[in-house]
Amino acid sequence: AVVSTQSTGFIWYMEWGHRHLGRVIGTCVVFPTLALLTRPWVNNNLKLRLVGFSSLVVCQGLLGWYMVQSGLEDHPESYDIPRVSQYRLAAHLGAAFLLYLTMFKTSLQILLPVDHSLSPALQNLRRWGGGVAGLAFLTALSGAFVAGLDAGLVYNSYPKFGDQWIPSDLIAFSPKWKNVFENTTTVQFDHRLLGHSLLVAICAVWVMSRPLVLPKRAGVAVTALMGMGWMQVALGVSTLLLHVPTWLAATHQQGSLVLLTLATWLQHELGKKRIKMFKR
């Protein structure tokens, strides 16, 4: 495959911007953490979290370097364009999402504390919300494998794979476990399956919430989660049918982060009472 000069320039500037933005984020996390660790009014709970955030930032930077390195390795057996390892890409994306979600959850506990007790039904809904968040995270990671292998370009039809419901090359690699991570057909099939399962789980949470008296913000969160779930599926199907335009694929990826944000927010609103972060 041949990469045009224009495409090379675009990729270079995107990579340049991404690296510098990562450095800015790291600076904005690590240096304030060092300052806050010396403050007596910050309790040990928050200090441990701040150290965790900084550790994740450093880990994220190392994973980014490790991922880019894989794109510089020679592959004499391949005539395809240079690409990074899908394993390292998924690790890099997963670490970024984990960093964001832990910081977001801590911010909610400080800025929007919950001060209500929960009935058994609401506690059960909270557990389901946690399951939705976990499934959304797993689906986002599978999306990284789709992106890393360009698996979205294999079958650009929906709901079938070409003219089949189950593609014939689903288990083409040996050993069989490699299909999950390296077979483009299997990777796309798994991502579709996870996406459909996630939408069903979101709908189940919404249906379970209907007869319950929810706290106000929790009601907003579950409704927003339901709407975003359907929008994310629509974005995914559109990305597939339009042969994965970059802007739409990026929007679909951002949608997964919005879904995770809403699921985390819902779980917080149905969570425990405020965790004290500061000493009086």
Side-chain angles (χ1 to χ4, degrees), residues 43-46 48-50 52-53 55-56 90-91 93-145 180 190-236 252-277:
N43 70 18
N44 291 334
N45 188 342
L46 184 54
L48 285 173
R49 295 191 186 206
L50 291 172
F53 299 155
S55 300
L56 279 171
L93 179 71
F97 276 21
L98 185 61
L99 173 63
Y100 165 78
L101 290 171
T102 52
M103 295 181 74
F104 178 65
K105 184 64 178 287
T106 299
S107 300
L108 287 175
Q109 291 172 339
I110 295 174
L111 300 175
L112 292 176
V114 290
D115 55 1
H116 47 257
S117 58
L118 298 178
S119 65
L122 288 179
Q123 292 176 8
N124 183 52
L125 185 65
R126 181 178 187 271
R127 286 190 288 270
W128 273 81
V132 165
L135 186 56
F137 186 80
L138 182 61
T139 306
L141 287 184
S142 77
F145 281 90
V180 178
D190 290 346
H191 190 61
R192 289 197 200 191
L193 183 63
L194 286 168
H196 293 151
S197 301
L198 177 59
L199 181 61
V200 170
I202 290 172
C203 291
V205 168
W206 185 83
V207 170
M208 290 170 60
S209 72
R210 290 305 85 195
L212 303 179
V213 179
L214 297 176
K216 184 177 180 180
R217 292 199 303 257
V220 174
V222 74
T223 301
L225 181 65
M226 178 69 166
M228 189 62 214
W230 282 99
M231 184 179 295
Q232 179 67 346
V233 169
L235 284 170
H252 182 51
Q253 185 183 68
Q254 292 164 12
S256 67
L257 188 59
V258 174
L259 263 183
L260 274 166
T261 299
L262 292 173
T264 302
W265 180 32
L266 175 62
Q267 196 178 27
H268 166 75
E269 294 299 338
L270 298 176
K272 299 177 182 178
K273 293 186 177 180
R274 179 176 185 171
I275 298 176
K276 293 182 179 180
M277 298 289 181

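- Among all heavy-atom pairs drawn from L125 and M208, the shortest one is CD1-CB, 4.0 Å.
- How far CD of Q254 is from CG of L235: 10.0 Å, rounded to the nearest 0.5 Å.
- In this structure, the side chain of N43 engages the main chain of L46 through a donor-acceptor pair within 3.5 Å.
- Scanning all heavy atoms of the two residues, the minimum distance from A218 to L266 falls at O-CD1, 3.7 Å.
- With hydrogens and angles disregarded, no donor-acceptor distance shorter than 3.5 Å links the side chain of E269 to the backbone of P215.
- Here the side chains of N124 and R127 are in contact, with some heavy-atom distance below 4.5 Å.
- One distance of note links CG of L257 with CZ of F137; it measures 10.5 Å at 0.5 Å rounding.
- Summarising the geometry, atom CG belonging to L194 is positioned 4.5 Å from atom OG1 belonging to T139; distances are rounded to the nearest 0.5 Å.
- A donor-acceptor pair is defined here as one N or O able to donate and one able to accept, closer than 3.5 Å; no such pair exists between the side chain of H268 and the backbone of T264.
- Within 6.0 Å of atom CE in M226, more than 12 heavy atoms from other residues, nucleotides or ligands are found, so the atom counts as buried in its surroundings.
- Here the closest non-hydrogen pair linking W265 and F104 is N-CE2, 4.1 Å.
- Between atom CD1 of residue I202 and atom OG of residue S197 there is a gap of 11.0 Å, rounded to the nearest 0.5 Å.
- Rounding to the nearest 0.5 angstrom, the gap separating the CG atom in L56 from the CZ atom in F97 is 14.0 Å.
- To the nearest 0.5 Å, atoms CG (L101) and OG1 (T106) are separated by 10.5 Å.
- With S209 as reference, V222 is the one residue of T223, V222, L122 to meet the side chain to side chain contact (heavy atoms under 4.5 Å, CB included) rule.
- In this structure, F53 and T102 have side chains that are in contact, with non-hydrogen atoms separated by less than 4.5 Å.
- Considering only heavy atoms from C-beta on, L93 comes within 4.5 Å of Q253 through its side chain.
- Contact between L112 and R217 at its shortest, heavy atoms only, is O-NH2, 3.5 Å.
- Minimum interatomic distance between A90 and A144 (heavy atoms only, all atoms of both residues): CA-CB, 3.6 Å.
- Of the possible polar contacts, one joining the Q232 side chain to the H252 backbone as a donor-acceptor pair under 3.5 Å is found.
- Nearest heavy-atom pair across A201 and L135 is CB-CD2, 4.3 Å.
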